[in-house]
Each structure stands twice: as structure tokens, then as C-alpha cells.
There are 2 protein chains.
Amino acid sequence: MVSKEESILFSAERLFAEKGFDGTSTREISKAADANISLIAYYFGSKEKLLESIFEYRIKESLDFALTLMLKEDLSAWQKLELLIDKFVDRVRRLKYFYLLVQREKLNLSNPAIIEIIRNYHKEFLKIYQTILKDGIKQGVLKTNYSLELIHFTISGTLFNSINALELKKTTIDFTDKMEQKYYSDLKKHLKILLKHLLGYEGKI
Amino acid sequence: MVSKEESILFSAERLFAEKGFDGTSTREISKAADANISLIAYYFGSKEKLLESIFEYRIKESLDFALTLMLKEDLSAWQKLELLIDKFVDRVRRLKYFYLLVQREKLNLSNPAIIEIIRNYHKEFLKIYQTILKDGIKQGVLKTNYSLELIHFTISGTLFNSINALELKKTTIDFTDKMEQKYYSDLKKHLKILLKHLLGYEGKI
DNA sequence: AAATATTAATCAAACGATTGATTAATTTAT
DNA sequence: ATAAATTAATCAATCGTTTGATTAATATTT
């Protein structure tokens, strides 16, 4: 059972992702959540704060997702990178509405609280690369002084473009589970190849 | 001198890019364009059709940009790819508002006419890669059977992420012309390195 | 050449509908 | 009985669009 509060949050997340913040009315949200319109103000304060609540909700679970990865000390630097790719792709796939929303807000820059969250999220990601990379160089398995920011732009850009394109394809072509599965495994492989080249890894993928 | 019609189109392009279609009111557009609000309906029919007009206007000049590149038969396949990168980056930089708008509409999928334009644009781009690649393989300078679509996702994803991030950085850091120049030349270099790896080019960049 | 008719461009004002938000009343749970 | 959750009704503000009128430029007729 989801509470009305959660129902509003999840419905808004999907609608904001699909139609944009300004393209979604509070009445639409309340209808989708099967909740009275005034409950938005009751639980979240306003439509704007509802959007911020969505980010806070999703970001919270996102932080330790990366941290737990770093603690797996039995893995090599390259194995960690592979795991990072796999987990990150799965996560974006699972939370596709939220990450659609993130992409939208990245273009918007209108809500300062959300800009700050995104900025921080970006910084955290670079830290993860940094840590793994340092280990990798010490282990002698990675050799590079490539710009981590450019690498991140390439990885996340490829990931989001691919997933968005898949959703677009789905509107005209009937994708079976098997086809979608292959699409995602091809994508993961491609991302690993990119990292391999950019970080100078010479082992097997 | 720009006509009122052009003034409306350019103002709307900038506002739609910065604040989104739904986040921009017709009154805002008319104010920015210094034109009466009713001129939107007079020249374009509606707010929605104004958006479509912006796409038609920009797409028109975009098509022959790619075609003229293909006609330069004195260049090697790799030189064509380098030129493609350079020109494309310059173009996105010059028309940053329009390409912001394109990114927004890629997430939206609500206007069928615009979806079709974007879909077609994507297809044209793949054709360009295809043609250059075929030449490159024949010339023996490129060797690959890599997915052209994944390559395009990587190139355009990196490009857009980088440019968006630059705009975000500008809101806090004071970027000089020199710094921005370096940012873009680093980006071009990075995109060429990506292509080099993915297409199996072994010459100098 | 002068008078008339037609068109294109622009305007202020108003339209009905929808927006996010709030109120006060009511139901439900503790 | 008190507090928390939910509701229907209502608010002022803004939305995209349309209206009828006016001006200036162009085309047609006399």
C-alpha cells in the first residue's frame, strides 16, 4: 500500500518526466495520484517544492549506491568500473522517469535548489572516477591522465541518448523483451569499450 | 533590420530554449520581440505552430551544411570526419539556443511534427557517417563494423553534455574568451579521439 | 493623375478556460 | 476528544486565442 503522499510523489515524477514541470498541472497530478488537489500543498507545500521533494527522495538512495561500490575492496579497478557501468545502466533503466526529469532540469537551470543537487551529484560522480582511477594506476592496470569530466560527459551522454532513443523507437516499433535485453547489453558493452580506450585498459572486457 | 515576424521567431527560439515551451507565455514572446501579441497568430497561426516554424527554419540550412561536406572529394575519409566534428561543434555553438530546444523536444515527444523532423535529422546523420565510413574502408584508412548509431549517440551526447555543462559553469565562474576557446578545442580533440578509437583509425589526429 | 478599392501589418481590449493556491468544513485515526 | 488526513468549493492571476478597428502601403479603376 502506498500512502497518498507517495502516490502524489510518484505520479508527479512520471508526469514531470513525460510532459515537463510546466506542462503538468496540479490537477493532473492529483488525478493520477487519486488524491485531492489540496494534498499537494498539505504534504509538500507547493508544486515547486514537490519537484524538489522528488529529487531529494531519489538522490538519497543514489548516494550509497555509489559508496557501497567503492567498498568492494576485493575487486580490481577495472572490475569496479565494469560494475559501475552495469549498475548505473540498470539504475537509469529502473528509474527512467526520474532520470528523464534530471535531463530536463539540467536544461532548465531555473530552480536553484535543484541546480545545486545536480551540481553536487556531478561532483560525486567525478570523485568516484577519481578514486577508482587512482587505484587503477597504482595497480598498473589503468594508465591515463585523461580529463575525467570529458569521460563522464561521454559515458552519461551516450547512456542517456541511447535510452531516450530506445523510448522513441518503442513508439513505432514493437520491442520484445529479448530485443530490449540485447539493446541494453550492447549499450553496456559499448560503454565499457569507451572506458577501455579512454583509460588505457589493455586487458579483456 | 529584422521584421516583426523574424523578431518573434528569434525571440521565441531563445525563450523556448531557456524556459521551455510550456514555461514561456505568448505575452513574454511578444514583449521580447517588441510585437503585439496577436501577431503570433497572424504570422504563425498559433504558439504550437510557431515552435514548428522555428524547427523548419533551422533545419533548412542544416541539411546542405552536411551535403556540402560530402562533396569535398579531395579529402580523405578521416579528414572528412575531422571536418564534420569541427563544423558540427561550431554550428551547435553558434545556434546554441536552437540546439537547446532540440534537446528539450527530444525529451518531449508530444508534438508529432517535430518528432518527425528530429527522427529524419537523426537518419540523415547516420547516412553521412555511413557514406564516409564506406569510403574510409575502401581507402583502407578506417576499419570497423561498429554500430553507427552508438557512435552517433556518443558523439552527440558528449557534445551536448559538454556545452550544457559549460553554460552551467558560466553561471558561477567568469569564463574569458580564451578559456572558452580552449574548452571548445579540447572538446573537438576529445570527439576526434573517440572517433579514432571507435572507427579504428591509426593515423595522426 | 486622381480617386477608389484592396491588402498587409499592427493594435488595444476582451474572451473563456485553466492555472497554482487557499479556505473552511468534514472525515478518519489515535 | 484531539490530531491528522481528506474533501469540496473558491480565489485571483494568468493562459492562448480572438475580436474589431486602424494605419499604411499597394493595386485597380476612372
Side-chain angles (χ1 to χ4, degrees), chain A residues 1-57 97 101 104-105 107-115, chain B residues 1-57 97 101 104-105 107-115:
Chain A
M1 250 296 284
V2 287
S3 66
K4 293 273 179 189
E5 183 177 4
E6 286 174 315
S7 179
I8 290 173
L9 191 119
F10 296 145
S11 297
E13 179 183 49
R14 205 195 77 237
L15 287 168
F16 287 161
E18 287 179 337
K19 320 178 56 173
F21 179 78
D22 292 305
T24 305
S25 71
T26 50
R27 280 166 184 78
E28 241 177 320
I29 296 169
S30 68
K31 206 169 188 176
D34 191 30
N36 188 279
I37 188 175
S38 64
L39 291 183
I40 292 173
Y42 182 73
Y43 284 115
F44 302 98
S46 67
K47 186 189 176 188
E48 193 89 21
K49 283 183 189 161
L50 167 57
L51 176 67
E52 295 169 17
S53 297
I54 294 169
F55 271 82
E56 285 162 15
Y57 181 92
Y97 290 126
L101 194 44
R104 290 192 112 101
E105 291 305 314
L107 302 177
N108 239 21
L109 313 184
S110 63
N111 186 316
I114 289 177
I115 293 183
Chain B
M1 249 295 284
V2 287
S3 66
K4 294 274 178 189
E5 183 177 4
E6 287 174 314
S7 180
I8 290 173
L9 191 118
F10 296 145
S11 297
E13 179 183 50
R14 205 195 76 236
L15 287 168
F16 286 161
E18 287 179 338
K19 320 178 57 173
F21 179 79
D22 292 306
T24 305
S25 71
T26 50
R27 281 167 184 80
E28 241 176 320
I29 296 169
S30 67
K31 204 168 190 178
D34 191 30
N36 189 276
I37 189 174
S38 67
L39 292 183
I40 293 174
Y42 181 75
Y43 284 116
F44 302 98
S46 67
K47 185 188 176 188
E48 192 90 23
K49 284 183 188 160
L50 168 55
L51 176 67
E52 294 169 18
S53 297
I54 294 170
F55 271 82
E56 285 161 16
Y57 181 91
Y97 290 126
L101 192 44
R104 280 188 184 277
E105 291 306 312
L107 301 178
N108 237 20
L109 312 184
S110 63
N111 186 315
I114 289 177
I115 294 183

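Lettering of chains follows the sequences in order, A, B, ..., and the numbering in each one begins at 1. Note that the structure is a prediction, hence the values are computed from the model and not measured. Because only heavy atoms are used, hydrogens play no part in the values below, and waters and symmetry mates are left out as well, while side chains stay in.
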Answer yes or no: is there a donor N or O on one side and an acceptor on the other, between the side chain of T24(A) and the main chain of G20(A), under 3.5 Å?
-> yes
Just by distance, do the side chain of S30(B) and the backbone of R27(B) share a donor-acceptor pair under 3.5 Å?
->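 Looks like yes, one N/O pair under 3.5 Å.
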Rounded to the Å, how far apart are [X] [atom1] and [N] [atom2]?
X	N	atom1	atom2	answer
Y42(A)	dT7(D)	OH	C1'	12 Å
K31(A)	dT7(D)	NZ	P	15 Å
L51(B)	dG16(D)	CG	C1'	15 Å
L39(B)	dT17(D)	CG	P	14 Å
D34(A)	dA5(D)	CG	P	17 Å
L50(B)	dC15(D)	CG	P	16 Å

Pairing residues for E18(B) by the salt bridge (charged side-chain N to carboxylate O under 4.0 Å, His left out) criterion, not counting sequence neighbours = R14(B)
Non-neighbouring partners of F55(B) that pass ring pair (Phe, Tyr, Trp, His ring centres under 6.0 Å), sequence neighbours left out =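 F55(B): ring pair (Phe, Tyr, Trp, His ring centres under 6.0 Å) contacts with F98(B).
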Its contact letters, B for base, S for sugar-phosphate only and - for none at protein heavy atoms under 4.0 Å, make nucleotides 18-30 of chain C read -BBBBB-------
Contact list for residues 3-29 of chain A, test ring-ring contact (aromatic ring centres under 6.0 Å, His included), sequence neighbours left out | F10(A)-Y57(A), F16(A)-F21(A)
Residues N111(A), E105(A); criterion side-chain hydrogen bond (donor to acceptor under 3.5 Å, both in side chains); working and verdict | CA-CA 8 Å; N111(A) 186 316; E105(A) 291 305 314; over 6 Å; no
Might you confirm whether atom NZ of K49(A) has over 12 heavy atoms from other residues, nucleotides or ligands at distances under 6.0 Å?
->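 Counting other residues, nucleotides and ligands, NZ of K49(A) stays at 12 neighbours or fewer.
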With a 4.0 Å heavy-atom cut-off, tell me which residues in residues 3-16 of chain A come close to DNA chain C, sorted by residue number.
-> none
Report which part of the nucleic acid Y43(B) touches: base, sugar-phosphate, or nothing (heavy-atom distance under 4.0 Å, all strands).
-> sugar-phosphate
Please tabulate, for side-chain N and O atoms in residues 35-44 of chain A, each donor-acceptor pair with protein atoms closer than 3.5 Å (sequence neighbours left out).
from, atom 1, to, atom 2, distance (Å)
N36(A), OD1, S38(A), N, 3.0
N36(A), OD1, S38(A), OG, 2.9

